[in-house]
Amino acid sequence: MPRFKIVAALIALFASVSLIAEVAGTYEIEFVGMAAAGPTTLTMEKDDEGNYSGELSGSSGGMTETYEIEEVTVDGDKFSFTMTIEAEGMSMSFEYSGEVDGDEISGKISTEMGDIEFEGTRQAEEEEESEEESEAAEAGDQS
(Lines give C-alpha, C1' and ligand atoms only; values in the text may rest on other atoms or scores of the structure.)
Protein backbone atom coordinates (compact mmCIF):
# COMPACT_ATOMS: atom_id res chain seq x y z
CA MET A 1 0.00 0.00 0.00
CA PRO A 2 2.79 2.54 0.66
CA ARG A 3 4.04 2.13 -2.94
CA PHE A 4 0.58 3.04 -4.22
CA LYS A 5 0.63 6.27 -2.19
CA ILE A 6 4.08 7.18 -3.52
CA VAL A 7 3.03 6.49 -7.13
CA ALA A 8 -0.18 8.48 -6.64
CA ALA A 9 1.78 11.39 -5.16
CA LEU A 10 4.23 11.37 -8.09
CA ILE A 11 1.39 11.32 -10.63
CA ALA A 12 -0.29 14.25 -8.86
CA LEU A 13 3.00 16.16 -8.81
CA PHE A 14 3.67 15.66 -12.53
CA ALA A 15 0.06 16.49 -13.40
CA SER A 16 0.21 19.78 -11.48
CA VAL A 17 3.52 20.74 -13.12
CA SER A 18 2.11 20.13 -16.60
CA LEU A 19 -0.80 22.49 -15.87
CA ILE A 20 1.59 25.42 -15.48
CA ALA A 21 1.79 27.29 -18.78
CA GLU A 22 5.15 27.53 -20.52
CA VAL A 23 6.19 31.18 -20.57
CA ALA A 24 8.49 30.85 -23.59
CA GLY A 25 6.79 31.91 -26.81
CA THR A 26 5.90 34.81 -29.06
CA TYR A 27 2.95 36.99 -28.05
CA GLU A 28 1.09 39.78 -29.80
CA ILE A 29 0.29 42.21 -27.00
CA GLU A 30 -1.93 45.26 -26.68
CA PHE A 31 -1.71 48.00 -24.12
CA VAL A 32 -5.05 48.40 -22.35
CA GLY A 33 -6.54 51.85 -22.92
CA MET A 34 -3.89 52.91 -25.44
CA ALA A 35 -5.55 52.65 -28.86
CA ALA A 36 -2.83 54.79 -30.48
CA ALA A 37 -0.09 52.24 -29.77
CA GLY A 38 0.89 50.10 -32.75
CA PRO A 39 1.22 46.33 -32.76
CA THR A 40 3.75 44.99 -30.27
CA THR A 41 5.41 41.59 -30.18
CA LEU A 42 6.96 40.11 -27.04
CA THR A 43 9.16 37.06 -27.51
CA MET A 44 10.54 35.13 -24.55
CA GLU A 45 12.96 32.26 -25.14
CA LYS A 46 14.36 29.59 -22.86
CA ASP A 47 17.88 28.28 -23.47
CA ASP A 48 19.21 24.78 -22.79
CA GLU A 49 20.24 25.80 -19.27
CA GLY A 50 16.75 27.07 -18.37
CA ASN A 51 17.58 30.79 -18.60
CA TYR A 52 15.10 33.13 -20.25
CA SER A 53 15.75 36.13 -22.49
CA GLY A 54 13.88 37.76 -25.34
CA GLU A 55 12.96 40.83 -27.29
CA LEU A 56 10.19 43.36 -27.54
CA SER A 57 9.38 44.98 -30.87
CA GLY A 58 6.74 47.45 -31.86
CA SER A 59 5.75 50.12 -34.33
CA SER A 60 5.09 53.74 -33.57
CA GLY A 61 4.99 56.67 -35.93
CA GLY A 62 5.90 54.49 -38.89
CA MET A 63 9.08 53.20 -37.26
CA THR A 64 9.68 49.72 -35.86
CA GLU A 65 11.93 49.42 -32.83
CA THR A 66 13.28 46.18 -31.33
CA TYR A 67 14.70 45.98 -27.84
CA GLU A 68 16.67 43.05 -26.44
CA ILE A 69 15.66 41.67 -23.05
CA GLU A 70 18.70 40.26 -21.29
CA GLU A 71 17.17 38.51 -18.30
CA VAL A 72 13.63 37.32 -17.74
CA THR A 73 12.79 35.97 -14.30
CA VAL A 74 10.28 33.12 -14.44
CA ASP A 75 8.46 31.47 -11.54
CA GLY A 76 5.95 28.92 -12.78
CA ASP A 77 3.61 30.83 -15.07
CA LYS A 78 4.68 34.28 -13.81
CA PHE A 79 7.46 36.36 -15.37
CA SER A 80 9.17 39.70 -14.93
CA PHE A 81 11.94 41.71 -16.55
CA THR A 82 13.24 45.26 -16.63
CA MET A 83 14.00 47.09 -19.83
CA THR A 84 15.79 50.44 -19.97
CA ILE A 85 15.49 52.65 -23.04
CA GLU A 86 17.88 55.50 -23.68
CA ALA A 87 16.94 58.15 -26.21
CA GLU A 88 17.80 61.80 -26.69
CA GLY A 89 20.02 61.85 -23.60
CA MET A 90 17.28 60.46 -21.36
CA SER A 91 16.92 57.06 -19.76
CA MET A 92 13.65 55.41 -18.77
CA SER A 93 13.08 52.04 -17.09
CA PHE A 94 10.09 49.81 -17.71
CA GLU A 95 9.41 47.00 -15.24
CA TYR A 96 7.29 44.29 -16.87
CA SER A 97 5.50 41.68 -14.79
CA GLY A 98 2.82 39.27 -15.87
CA GLU A 99 1.39 35.83 -16.12
CA VAL A 100 0.76 33.29 -18.86
CA ASP A 101 -2.47 31.30 -18.76
CA GLY A 102 -2.48 28.79 -21.62
CA ASP A 103 -2.05 30.94 -24.73
CA GLU A 104 -3.12 34.16 -22.99
CA ILE A 105 -0.72 36.65 -21.46
CA SER A 106 -1.49 39.61 -19.20
CA GLY A 107 0.36 41.92 -16.89
CA LYS A 108 1.52 45.44 -16.27
CA ILE A 109 4.39 47.72 -17.02
CA SER A 110 5.50 49.93 -14.14
CA THR A 111 7.05 53.21 -15.23
CA GLU A 112 8.00 56.49 -13.58
CA MET A 113 4.78 57.92 -15.04
CA GLY A 114 2.49 55.16 -13.76
CA ASP A 115 1.39 51.65 -14.62
CA ILE A 116 0.20 50.39 -18.01
CA GLU A 117 -1.69 47.12 -18.31
CA PHE A 118 -1.21 44.77 -21.24
CA GLU A 119 -2.82 41.61 -22.55
CA GLY A 120 -2.27 39.39 -25.53
CA THR A 121 -2.23 36.02 -27.19
CA ARG A 122 0.52 33.56 -28.04
CA GLN A 123 1.22 33.24 -31.77
CA ALA A 124 0.93 29.75 -33.17
CA GLU A 125 4.26 28.25 -34.24
CA GLU A 126 2.98 27.89 -37.81
CA GLU A 127 2.43 31.66 -37.97
CA GLU A 128 5.99 32.29 -36.81
CA GLU A 129 7.38 29.86 -39.40
CA SER A 130 5.18 31.34 -42.15
CA GLU A 131 6.52 34.83 -41.43
CA GLU A 132 10.10 33.54 -41.59
CA GLU A 133 9.38 31.72 -44.87
CA SER A 134 7.76 34.86 -46.35
CA GLU A 135 10.77 36.98 -45.39
CA ALA A 136 13.14 34.42 -46.92
CA ALA A 137 11.06 34.35 -50.14
CA GLU A 138 11.06 38.15 -50.32
CA ALA A 139 14.84 38.24 -49.83
CA GLY A 140 15.20 35.68 -52.63
CA ASP A 141 12.98 37.75 -54.96
CA GLN A 142 15.09 40.84 -54.41
CA SER A 143 18.37 39.12 -55.42
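For clarity, every value in this text was computed on a predicted model and none was experimentally measured.
In terms of the side chain to side chain contact (heavy atoms under 4.5 Å, CB included) criterion, residue partners of Glu95 (sequence neighbours excluded) are, by chain and number, Thr82, Ser110. Remark: Glu55 engages Thr43, Thr66, Glu68 in a side chain to side chain contact (heavy atoms under 4.5 Å, CB included) (not counting sequence neighbours). Listed by chain and number, the residues in a salt bridge (Lys or Arg N to Asp or Glu O under 4.0 Å) with Lys108 are Asp115 (sequence neighbours excluded). Judged as a ring-ring contact (aromatic ring centres under 6.0 Å, His included), and not counting sequence neighbours, the contacts of Phe81 are Tyr96. Remark: Asp47 engages no residue in a salt bridge (Lys or Arg N to Asp or Glu O under 4.0 Å) (not counting sequence neighbours). Every residue was checked against the salt bridge (Lys or Arg N to Asp or Glu O under 4.0 Å) condition with Glu71, not counting sequence neighbours, and none meets it.
Side chains of Leu42 and Ile69 form a contact here, defined as non-hydrogen atoms less than 4.5 Å apart. A heavy-atom distance below 4.5 Å is not found between the side chains of Ile105 and Glu99.
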TODO: Output, in order, the C-alpha distance, side-chain angles, deciding distance and verdict of side chain to side chain contact (heavy atoms under 4.5 Å, CB included) for Thr121 and Glu104.
DONE: CA-CA 5 Å; Thr121 305; Glu104 303 297 314; 3.6 Å; yes
Task: Step-by-step side chain to side chain contact (heavy atoms under 4.5 Å, CB included) determination, Ile109 to Phe31 - done: CA-CA 9 Å; Ile109 308 163; Phe31 302 103; 3.3 Å; yes
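Residues Val32 and Leu56 do not share a hydrophobic cluster, defined by chaining ILVMFWY side chains whose heavy atoms lie under 4.5 Å apart. Residue Met113 is grouped with residue Phe118 when hydrophobic side chains (ILVMFWY) are merged at heavy-atom distances under 4.5 angstrom, including chains of intermediate members.
Looking only at distances, a side-chain donor or acceptor of Glu22 sits under 3.5 Å from a matching main-chain atom of Ala24. Remark: the backbone N or O of Gly102 is paired with a side-chain donor or acceptor of Arg122 at under 3.5 angstrom.
In this model, a donor atom of one side chain and an acceptor atom of the other lie less than 3.5 Å apart for Glu28 and Thr41.
Scanning both residues, Gly76 and Val23, for their nearest heavy atoms gives O-CG2, 3.8 Å.
Annotation: the span from Glu65 atom CD to Ser57 atom OG amounts to 10.0 Å, rounded to 0.5 Å. In this structure, the separation between CE on Met92 and CE on Met83 is 10.5 Å, given to the nearest 0.5 Å.
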